[in-house]
2 protein chains.
Amino acid sequence: MTTSKKTSSPEQTPLEEAYPTTVEGLVLEERLGYALRRAQLKVFKHFDEAMREHDIRPAQFSSLVVIEGYPGVTQSNLAQTLSIDPPRVVSLINSLEERGLALRVRCKRDRRSHGIFLTKTGEALVDRLKGLAEQSDLEATQSLSEIERRQLLTLLRKVYASEESDD
Amino acid sequence: MTTSKKTSSPEQTPLEEAYPTTVEGLVLEERLGYALRRAQLKVFKHFDEAMREHDIRPAQFSSLVVIEGYPGVTQSNLAQTLSIDPPRVVSLINSLEERGLALRVRCKRDRRSHGIFLTKTGEALVDRLKGLAEQSDLEATQSLSEIERRQLLTLLRKVYASEESDD
DNA sequence: TATTGTTATACTCTATAACTATA
DNA sequence: TATAGTTATAGAGTATAACAATA
């Protein structure tokens, strides 16, 4: 039902010149998914710039923060917490361990598990990064007032935290 | 300053059991970028399900909507409008053209440009998809009231539409 | 048998550079 | 020379299946 039905070729000559550049007035403007994506791209772009000096990716930052908050967290816990798949955690922790920011400690009680801890270097770095990340968020959302920024955060949490069935 | 400084190994045995699963209380909860990412993933997941029957990706949907709103839009205009790179537009339009949903028409005035139009099939499909997308957004944000949903949309637009310098 | 972590793999998305054909 | 579109390519990010060690 979707292929090779090629109908209606437009007789108009295209390009009346001076086209879009914005999506104003289109249905896209009403699409939550589209707005989320665009806003996320903008905020992540600022984040990338802020972290470039330290060569830290978003997922690495998130991992560092979680490990800091829950020292000894296992890889499966981390996967669950961040809603990512176990194989991703492996390379994530590998990268942090190679850089001396975190380390795996085999759990004595259940020798299948690894507790993950920050090194002193990791602790120092994550402290610095948290400040940079906050500053980056502020810069990326300069068009919002402080009240609006908090509103946005609250609404977003409400969206992603609700578990109807999935996620 | 970032590598091979491995300090401080934790003496504690890891895993006090009963760990996270949520990021509550962590700095992550305060990170706009993180909240945006999580919310976007959730909304996109619903979108994927809604579009699976029609095998339409988010970028394809956005393209169809823009072409519908601006018949004869050029590929470079589309790239600008959606904030994507020209090479992506090529494969995007290829996929739509192969399926008989859109077609390129060489512009007479400037034969380097292609105006893009929807076919009748494309027009019919995009009409159907817009309904599905709206329904999908509603389902993904069931935890929000209608007022909150509009607030969220307004705030997101305010974030991504503001052009300080980049984007 | 089930679970933790791992390897391998593949597919999508995205970004860049270099090419062509027109202007 | 500059622009529209294209090709090729490579790097992230993401998802899946299969495996080893441990329980």
Side-chain angles (χ1 to χ4, degrees), chain A residues 14-15 17 19 33 37-38 40-42 44-45 47-49 51-52 55-63 72-97 102-116 166-167, chain B residues 14-15 17 19 33-34 37-38 40-42 44-45 47-49 51-52 55-63 72-98 102-116 166-167:
Chain A
L15 259 199
E17 222 59 63
Y19 260 114
R37 179 67 178 149
R38 290 292 296 264
Q40 190 236 306
L41 283 177
K42 174 156 193 167
F44 268 49
K45 193 172 170 180
F47 182 83
D48 278 351
E49 278 166 29
M51 296 292 147
R52 182 171 313 148
D55 193 27
I56 287 287
R57 307 294 314 153
Q60 292 176 317
F61 174 78
S62 302
S63 301
V73 63
T74 64
Q75 296 185 198
S76 49
N77 278 332
L78 192 57
Q80 262 194 291
T81 304
L82 295 177
S83 263
I84 61 182
D85 299 303
R88 280 200 66 199
V89 177
V90 175
S91 54
L92 222 35
I93 303 302
N94 282 347
S95 71
L96 298 180
E97 209 169 25
L103 44 87
R104 294 171 168 93
V105 177
R106 186 139 236 161
C107 178
K108 285 166 190 159
R109 288 206 313 218
D110 183 340
R111 306 201 26 266
R112 292 172 302 182
S113 302
H114 294 130
I116 313 172
D166 55 65
D167 214 61
Chain B
L15 260 199
E17 222 59 63
Y19 260 115
Y34 183 78
R37 179 67 179 149
R38 290 293 298 262
Q40 189 235 306
L41 283 176
K42 175 155 193 168
F44 268 49
K45 194 171 171 180
F47 182 84
D48 278 351
E49 278 166 30
M51 297 291 148
R52 182 171 312 147
D55 192 27
I56 287 287
R57 309 294 313 155
Q60 292 176 317
F61 174 77
S62 302
S63 301
V73 64
T74 65
Q75 296 184 202
S76 49
N77 277 331
L78 191 57
Q80 262 194 290
T81 304
L82 295 178
S83 262
I84 61 183
D85 300 303
R88 281 201 64 200
V89 178
V90 175
S91 54
L92 222 35
I93 302 302
N94 282 347
S95 71
L96 299 180
E97 210 170 24
E98 281 160 18
L103 45 87
R104 294 171 167 92
V105 177
R106 187 141 235 159
C107 179
K108 284 165 191 160
R109 288 206 314 217
D110 182 342
R111 307 200 26 264
R112 293 172 302 184
S113 301
H114 294 132
I116 313 171
D166 55 66
D167 212 59

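Per chain, numbering begins at 1; letters A, B, ... match sequence-line order.
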Salt bridge (Lys or Arg N to Asp or Glu O under 4.0 Å) involving A/Arg111 - partner list, sequence neighbours excluded: none

I want to check something: taking the side chain as every heavy atom from C-beta on, are B/Cys107 and B/Thr74 in contact at a cut-off of under 4.5 Å? no

Rounded to whole angstrom units, what separation is found between the CG atom of A/Asp110 and the C1' atom of D/dA21? 11 Å

Got a second to check how far B/Leu82's CG is from B/Ser62's OG, nearest 0.5 Å? 5.5 Å

Under 4.0 angstrom between B/Ser113 side-chain N/O and D/dT3 OP1 or OP2: no

Grab the CZ-C1' distance between B/Arg88 and D/dA10 for me, whole Å please. 16 Å

Working to the nearest 0.5 angstrom, can you tell me the gap between A/Arg37 CZ and A/Phe44 CZ? 9.0 Å

Is the shortest side-chain heavy-atom distance between A/Ile93 and A/Leu78 below 4.5 Å? yes

Per A/Arg57 side chain, nearest of listed nucleotides D/dT6, D/dG13, D/dA17: D/dG13

How close or far is atom P of D/dT6 from atom CG of B/Leu92, stated in whole angstroms? 12 Å

Heavy-atom check, side chain of B/Asn94 versus side chain of B/Arg104, under 4.5 Å: yes

Length of the CG-P vector between A/Asp85 and D/dG13, whole Å: 14 Å

Gap between atoms CZ and C1', on B/Arg52 and D/dA15 respectively (whole Å): 13 Å

note: B/Arg37, atom CZ; D/dA12, atom P; distance rounded to Å ~ 16 Å

To the nearest 10 degrees, how far apart in direction are the end axes of the helix from C/dT1-D/dA23 to C/dA23-D/dT1, each fit to five base pairs? 10°

Pick the nucleotide of DNA chain D nearest each of A/Pro58 and A/Arg111; which residue has the one closer to the 5' end? A/Pro58

Rounded to the nearest 0.5 Å, what separation is found between the CG atom of A/Asp85 and the CD atom of A/Gln80? 12.0 Å

Atom CD1 of B/Ile84 and atom P of D/dT6 are separated, to the nearest Å, by 13 Å

Counted 5' to 3', the first and last nucleotides of DNA chain C within 4.0 Å (strictly under) of a heavy-atom of chain A are C/dA2 to C/dT14

For A/Lys108 and D/dA23, give me the distance from atom NZ to atom C1', rounded to whole Å. 19 Å

When only distance counts, do a donor and an acceptor, one from the side chain of B/Arg112 and one from the base of D/dT3, lie under 3.5 Å apart? yes

Using a 4.5 Å cut-off on heavy atoms from C-beta on, say whether the side chain of A/Gln60 contacts that of A/Ser95. yes

